[in-house]
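Below is one structure, written out as structure tokens; the observations come after it.
Positions are given from 1 along the sequence. We use all heavy atoms of the structure for the numbers below, so side chains are in, but hydrogens, waters and symmetry mates are not.
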Amino acid sequence: MTSPTERPTGDRHSAGRSGERSDGERFGSERPGGRGDRFGSERSGGRGERFGGRGERPSGGQRGDRPARGGQWGDRAGGDRRPVRPAADLPRQVAYEAVAAVHRDDAYANLVLPLFLRDAGLTGRDAAFATELTYGTLRHLGTIDAILSDAAGRDVQRIDPPVRDALRLGAYQLLHTRVPAHAAVSSTVDLVRAVGPGATGFANAVLREVSGRDADAWVAKLAPSAESDPIGHLALAYSHPQWIVRAFAETLGGDLGETTRLLIENNERPPVHLCARPGLADAAELADAAGGAPGAFSPYAVYLAGGAPGDLPAVAQGRAHVQDEGSQLVANALAVAPLDGPDGHWLDLCAGPGGKSGLLGALAAQRDARVTAVEVSEHRARLVTQATRGLPVTVLNIDGRTVGADPDLPEGHFDRVLVDAPCTGLGSLRRRPESRWRRQPSDLPPLTRLQRELLAAALRATRPGGLVAYVTCSPHTVETHVTVTEAARRSGVPVDFVDARPLLPAGMPGLGAGPTVQLWPHRHGTDAMFLAMLRRT
């Protein structure tokens, strides 16, 4: 079966204190919290357990329940089993499990999908197809749901959840892959027969209705007019919530053409970015060894088309790690910024899961400096320790806002300070597709309050003449310019803004008028990282 392929990047986009540190970093086997923990604590033993082989069928019970450990579909409530009949094919089954886990358990696709692929024994083209179905369905979910609602003649939320997720996968195949329509419909009906046996006729009718138009024709039918409601039109056409489209457009100065290019890029499969740790690995040599290419801007970046980066010797040995190139650039900007006076004490105030601490630690090792890495979450602090092993990094499992009250975080002590603040993660939607549907405008007030408090603490921790880099993986104005200016004004610490543009590689396009810098997926091929550099005067 031919279809566009997409592989899981293995990138970490982790939540911290109700915000996201969405910088493409992953340094361990962290599992999603809450109900999603079941995906880390119970793993089936392979094809014969979680997926039960191709011959097993669902055995009843409550719809939407997690499959029993003894087999994918488990036993019926009374212990009897349905007759064994051919099941839906394994790649689609795996994609269904991943999508259902995201919606049912608030799981993260980039964490649960690799487990399901491994447990099912899927590799090569089958694994690529399952991955494409999972990530593609999650990216295009808003538009798919609008189409399914129209095709079903009822709001998609009124459809039984297991059937709804199966229909989403089927609609994605019909609208966005080269899978023949008859194959997409029949395979999805098989899947519905497994997860919601009474809904096969309904599923067949809905999918045949969906197949009557291509994606563009459905958008033409359902989207608001681009002239009367441009934001609403873009939101449905490119599958983003309207409030996020509006925020992007405002940050881009109202340029709807550029906003469209950003939305398109957010729906593309991003490459894996590696960081070759300075002094431990060379980017060009790592690119040759990994079959990748050196990055366009960061001197440490390597691009991979896909695969499992954790299997690379350089990553396994701690000489490189997975990290978006934009994250590398903003961390390196702090390290290369001109500084008068002592330069031996560096601080990463929001360190988990450890990617930027790892890069700063490698740079500090070359300059006889030390990094103090602060992380409030105990589990994430362990990830930082793992990520910085062998580097001059001290990890503190404390709240970064306790500067001055904690003896390990004295005021006026540090020469360079990084605040990679928890945020909405709107800058990494291409890597965390489910995030766009989980975030709400109501998330902003508590996050921006936390951001201001952390930045104020960073300014207190910095010595006069020292530097603070404020970073978010969000281009939302209230998380960037508003937070920085308000925190600086309220902190009581005198600061000057430093023009951040010269701290990035020469010739890098689209950096704006300064002094802050906003990176973009469609301009730079990075996550949408924001950087403000402040000097304590």
Does [X] reach the main-chain N or O of [Y] with its side chain, forming a donor-acceptor pair under 3.5 Å?
X	Y	result
R536	L459	yes
H240	Y238	yes
R501	T516	no
W346	G361	no
T385	A381	yes
Q328	L274	yes
N266	L429	no
S377	R380	yes
S239	G142	yes
Q518	A528	yes

Test ring pair (Phe, Tyr, Trp, His ring centres under 6.0 Å) applied to W520 - qualifying residues, sequence neighbours left out: H522
Within the structure provided, determine whether [X] and [Y] are in side-chain contact (heavy-atom separation under 4.5 Å).
X	Y	result
R439	L447	yes
V371	L347	no
I244	L426	yes
V374	V384	no
F297	P509	yes
L519	L329	yes
L334	L467	yes
R277	L359	no

Which pairs of donor and acceptor atoms, one on a side chain in residues 278-291, lie under 3.5 Å apart (sequence neighbours left out)?
| residue | atom | partner | partner atom | Å |
| --- | --- | --- | --- | --- |
| D282 | OD2 | A284 | N | 3.1 |
| D282 | OD2 | E285 | N | 3.0 |

Can we say [X] and [Y] salt-bridge, meaning some charged N sits less than 4.0 Å from an Asp/Glu carboxylate O?
X	Y	answer
R416	D343	yes
D443	R438	no
E265	R261	no
R430	D527	yes
K356	D420	yes
E132	R269	no
E486	R452	no
R432	E434	yes

Check the pair S357 / T388 against side-chain hydrogen bond (donor to acceptor under 3.5 Å, both in side chains), numbers first and verdict last. CA-CA 7 Å; S357 294; T388 58; over 6 Å; no
Is it true that [Y] and [X] share a donor-acceptor pair across their side chains at a distance under 3.5 Å?
X	Y	result
E227	S225	yes
D496	T537	no
T483	T448	no
E325	T526	no
H345	R370	no

Assess whether side chain to side chain contact (heavy atoms under 4.5 Å, CB included) is satisfied between Y470 and L531, documenting all intermediate values. CA-CA 6 Å; Y470 173 79; L531 170 65; over 6 Å; no
Do the rings of H140 and Y172 sit parallel, tilted or perpendicular, given the 30° and 60° boundaries? tilted
If the plane angle is over 60° it's perpendicular, under 30° parallel, otherwise tilted; pick one for H476 and W243. tilted
Decide salt bridge (charged side-chain N to carboxylate O under 4.0 Å, His left out) for R246 and E250; before the verdict, give the C-alpha distance in whole Å, the side-chain angles of both, and the deciding distance to 0.1 Å. CA-CA 6 Å; R246 188 173 295 108; E250 289 174 356; 5.4 Å; no
Please step through side-chain hydrogen bond (donor to acceptor under 3.5 Å, both in side chains) for the pair E479 and T472, ending with a clear verdict. CA-CA 7 Å; E479 298 189 86; T472 67; 6.0 Å; no
Evaluate side chain to side chain contact (heavy atoms under 4.5 Å, CB included) for L450 paired with R401, printing each intermediate quantity in order. CA-CA 9 Å; L450 176 60; R401 293 172 292 180; 3.6 Å; yes
As a quick check of understanding, evaluate side chain to side chain contact (heavy atoms under 4.5 Å, CB included) for H273 and Y303, giving each step before the final call. CA-CA 5 Å; H273 291 178; Y303 300 162; 3.5 Å; yes
Decide if atom CD of Q157 counts as having more than 12 heavy atoms of other residues, nucleotides or ligands within a radius under 6.0 Å. yes
CA sep, side-chain torsions, deciding dist, call: R104, D165, salt bridge (charged side-chain N to carboxylate O under 4.0 Å, His left out): CA-CA 10 Å; R104 183 186 62 234; D165 282 331; over 6 Å; no
Calculate, to the nearest 0.5 Å, the distance between atoms CD1 and CG belonging to I231 and L256 respectively.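 It is 5.5 Å, given to the nearest 0.5 Å.
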